[in-house]
Amino acid sequence: MNFVEELRWRGLLHDIMPGTEEELAKGMVAGYIGFDPTADSLHVGSLLQIITLVRFQQAGHKPVALVGGATGMVGDPSGKSQERNLLSEEILHHNLKGIQAQLERFLDFDRGANSAEIVNNYDWFKSFTFLDFIRDVGKHITVNYMMAKDSVKKRLESEVGMSFTEFSYQLVQGYDFYYLWKHKNCVLQMGGSDQWGNIVTGTELIRRKDGGQAFAITSPLIKKSDGTKFGKTEGGNVWLDANKTSPYQFYQFWLSASDDDAANYIRIFTFFDQQEIEGFIAEHSKVPHQRNLQKILAKDITERVHGVKALETALKTTDFLFGSGSLDFLRSLTDNEVFNVFEGIPQFEISRPDFVNGYDALTLLADKTSIFPSKGEARKMIVGGGVSLNREKLGDVDKVFTVLDLINNQFLVAQKGKKNYFLIVVK
RNA sequence: GGGGGGAUUCCAGAGCGGUCAAAUGGGACGGACUGUAAAUCCGUUACUUCGGUUUCGAAGGUUCGAAUCCUUCUCCCCCCA
């Protein structure tokens with residue numbers, strides 16, 4: 001199955017430029033996807049693009065991952081209703097390093113002719129002067145053409161307007177495509193559907209400047225079946241960096257997907273083939289309460305992103321918190337084993353001397369730890385029946401916790417809602 | 001340059017001198033039900049030592065009392081030139 005067919009059955013083909021499929025069928029081509037250094041880690045949203053590059057490579061083509069050292073300095077207005085703040089150079093540099101390290105884990109850099117490559121557009125923009133740019137690049141694209149883009153049109157119609165900087169973004173990204181086409185024979189750019197306009201500016205530049213031809217493929221925006229944004233949890237973005245989103249939280253993110261979403265995600269984010277996936281879905285529909293589809297999905301992605309060891313810990317933690325795990329089980333563990341089970345769960349430390357007289361629940365939850373942002377909020381949720389300590393529902397706001405309540409003379413397990421656990425350690 | 005309208009709690013959007021911590025809807029969070037699903041129903045949604053305390057673009061003022069009236073300022077929108 002070729003690359004485009006693969007994307008098609010997985011539901012990952014939003015738009016494709018005519019002739020792209022034929023071009024790919026001729027033999028190995030190089031194609032690229034750009035990654036914005038807006039944070040020092042990629043998140044599950046960008047995971048789709050990473051995996052697309054991997055599929056591209058598996059189909060025998062050469063994947064190029066571009067990190068936006070230059071474009072990151074400008075800021076992509078696509079999909080943004082407001083002018084963005086510029087990132088400082090230190091932050092940008094830090095972010096670039098983080099993202100590059102993540103990309104390196106997924107792609108194969110030792111695969112002969114179609115080895116992956118990572119490039120940074122700062123390398124060809126750093127010595128490109130403004131005057132040279134507007135003469136060599138700007139001259140080929142009309143403002144009329146640029147204004148017709150959705151990302152620009154929307155902002156021109158809105159109250160906030162748009163700076164010249166962001167207006168010029170599509171030209172900068174367009175030149176990236178031109179540069180890679182010219183110097184690395186890269187004829188295809190891929191990306192999310194919001195990138196179509198930017199990508200086409202690139203192919204247009206290639207055509208007008210050198211009479212060349214280049215191609216584009218975009219993927220649809222991933223949404224949850226209820227229409228809300230994909231990749232968000234209560235805590236915010238789901239990151240690929242284990243320090244920002246622990247492997248346990250990452251695993252939980254996929255595991256808690258709804259049936260519809262899981263069936264969708266497994267096609268998008270895993271490498272199982274069509275037959276396997278149809279099998280999983282069919283099995284799942286027979287025994288949906290076992291959540292096997294979610295388990296396969298969560299296991300596969302967590303392992304690919306964080307590795308087997310991290311997956312095992314996440315499974316262990318999940319098993320304890322959502323399975324049959326009792327406090328007795330915890331008591332039977334050594335301190336190190338407890339920490340292992342709770343790896344990836346937010347933890348708070350309280351000093352032992354301060355704890356001698358114990359704390360009432362509110363102080364404990366809102367003051368000594370930041371499980372709740374204020375006592376008022378903690379009180380409300382306790383009254384609403386949403387808080388458990390040591391797996392027992394907390395009915396009394398004034399209940400005092402002392403050394404006697406500590407598990408292994410050291411731990412308290414707090415629970416906010418059904419799924420949010422915290423470990424309090426008295427040291 | 002002239003004229004008009006607006007800025008309200010996470011968002012949208014009521015309120016137009018006391019009964020307003022502020023309607024309603026959305027979102028978010030929590031509970032029940034369940035399968036860590038979906039749907040549904042219910043609750044919460046400024047802080048608090050639960051006495052109160054600080055909120056309605058900013059700063060002053062009128063009043064016993066202001067989100068509501070007055071003054072100045074900042075920002076936004078619309079119409080005319």
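Here the structure is a predicted model, which is why all the values come from computation and not from measurement. Chain letters run A, B, ... following the sequence lines, proteins first, then strands; residues in each count from 1.
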Take the angle between the ring planes of [X] and [Y] and call it parallel below 30°, perpendicular above 60°, tilted in between.
{"X": "A:Tyr175", "Y": "A:Tyr179", "value": "tilted"}
{"X": "A:Phe167", "Y": "A:Phe164", "value": "tilted"}
{"X": "A:Phe177", "Y": "A:Tyr32", "value": "perpendicular"}
{"X": "A:Phe230", "Y": "A:Trp254", "value": "tilted"}

Rounded to whole angstrom units, what separation is found between the [atom1] atom of [X] and the [atom2] atom of [N]?
{"X": "A:Lys418", "N": "B:rG43", "atom1": "NZ", "atom2": "P", "result": "17 Å"}
{"X": "A:Lys232", "N": "B:rG27", "atom1": "NZ", "atom2": "C1'", "result": "14 Å"}
{"X": "A:Tyr421", "N": "B:rG30", "atom1": "OH", "atom2": "P", "result": "12 Å"}
{"X": "A:Ile371", "N": "B:rG30", "atom1": "CD1", "atom2": "C1'", "result": "16 Å"}
{"X": "A:Lys416", "N": "B:rG31", "atom1": "NZ", "atom2": "C1'", "result": "15 Å"}
{"X": "A:Leu297", "N": "B:rU36", "atom1": "CG", "atom2": "P", "result": "17 Å"}
{"X": "A:Ile382", "N": "B:rC50", "atom1": "CD1", "atom2": "C1'", "result": "15 Å"}
{"X": "A:Arg291", "N": "B:rU34", "atom1": "CZ", "atom2": "P", "result": "15 Å"}

Could you classify B:rG30 for me, syn or anti, using a glycosidic angle within 90° of 0 as syn?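 B:rG30: anti.
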Whom does [N] pair with, Watson-Crick or G-U wobble, provided both distances fall under 3.5 Å?
{"N": "B:rA67", "result": "none"}
{"N": "B:rU74", "result": "B:rA7"}
{"N": "B:rA23", "result": "none"}
{"N": "B:rC47", "result": "B:rG52"}
{"N": "B:rU40", "result": "B:rA32"}

Looking only at atom [atom1], what distance separates [N] and [M], rounded to whole Å?
{"N": "B:rU48", "M": "B:rA32", "atom1": "P", "value": "25 Å"}
{"N": "B:rU71", "M": "B:rU62", "atom1": "P", "value": "15 Å"}
{"N": "B:rG13", "M": "B:rC77", "atom1": "P", "value": "15 Å"}
{"N": "B:rG1", "M": "B:rA14", "atom1": "P", "value": "32 Å"}
{"N": "B:rU9", "M": "B:rU55", "atom1": "P", "value": "14 Å"}
{"N": "B:rG61", "M": "B:rA12", "atom1": "C1'", "value": "33 Å"}
{"N": "B:rC56", "M": "B:rU8", "atom1": "C1'", "value": "4 Å"}
{"N": "B:rG3", "M": "B:rU72", "atom1": "P", "value": "14 Å"}

Close N or O pairs between protein and nucleotides 45-47 of chain B (under 3.5 Å):
unit_1: B:rC47; atom_1: OP2; unit_2: A:Lys380; atom_2: NZ; d: 3.4

RNA chain B: A:Asp260 or A:Leu362, which has the more 5' nearest nucleotide?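 Here A:Asp260 is the residue nearer the 5' end.
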Mapping A:Ser225 and A:His284 onto RNA chain B by nearest heavy atom, which one lands closer to the 5' end?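 Residue closer to the 5' terminus by nearest nucleotide: A:His284.
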Looking at [Y], I'd like to know if the NZ or CZ of [X] sits under 6.0 Å from its six-membered ring centre while staying within 45 degrees of the ring's axis.
{"X": "A:Lys375", "Y": "A:Phe372", "result": "no"}
{"X": "A:Arg208", "Y": "A:Tyr145", "result": "yes"}
{"X": "A:Arg55", "Y": "A:Phe3", "result": "no"}
{"X": "A:Arg391", "Y": "A:Phe320", "result": "yes"}

Using a cut-off of 4.0 Å on non-hydrogen atoms, how would the nucleic acid contact of [X] be classed: base, sugar-phosphate, or nothing?
{"X": "A:Lys224", "answer": "nothing"}
{"X": "A:Thr318", "answer": "base"}
{"X": "A:Asn292", "answer": "nothing"}

Please tell me which of the listed nucleotides, B:rC50, B:rG35, B:rU36, lies nearest to the side chain of A:His289?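 Nearest listed nucleotide: B:rG35.
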Counting only side-chain heavy atoms from C-beta out, which of B:rA37, B:rG35, B:rC50 sits nearest to A:Arg379?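 Selected nucleotide: B:rC50.
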With a 4.0 Å cutoff (strictly under), does any side-chain N or O of A:Lys393 reach OP1 or OP2 of B:rA32?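 So the side chain of A:Lys393 is within the cut-off, an N or O lying under 4.0 Å from OP1 or OP2 of B:rA32.
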State whether A:Arg207 and A:Glu204 are salt-bridged, where the test is any N-O pair (Lys NZ or Arg NE/NH1/NH2 against Asp/Glu carboxylate O) under 4.0 Å.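 Yes, this pair counts.
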So, under a plain 3.5 Å distance rule, would you say the side chain of A:Gln252 forms a donor-acceptor pair with the base of B:rU36?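 Indeed there is one.
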Under a plain distance cut-off of 3.5 Å, with no hydrogens placed, do A:Asn198 and A:Gln195 share a side-chain donor-acceptor pair?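 A:Gln195 vs A:Asn198: donor-acceptor pair found between side chains.
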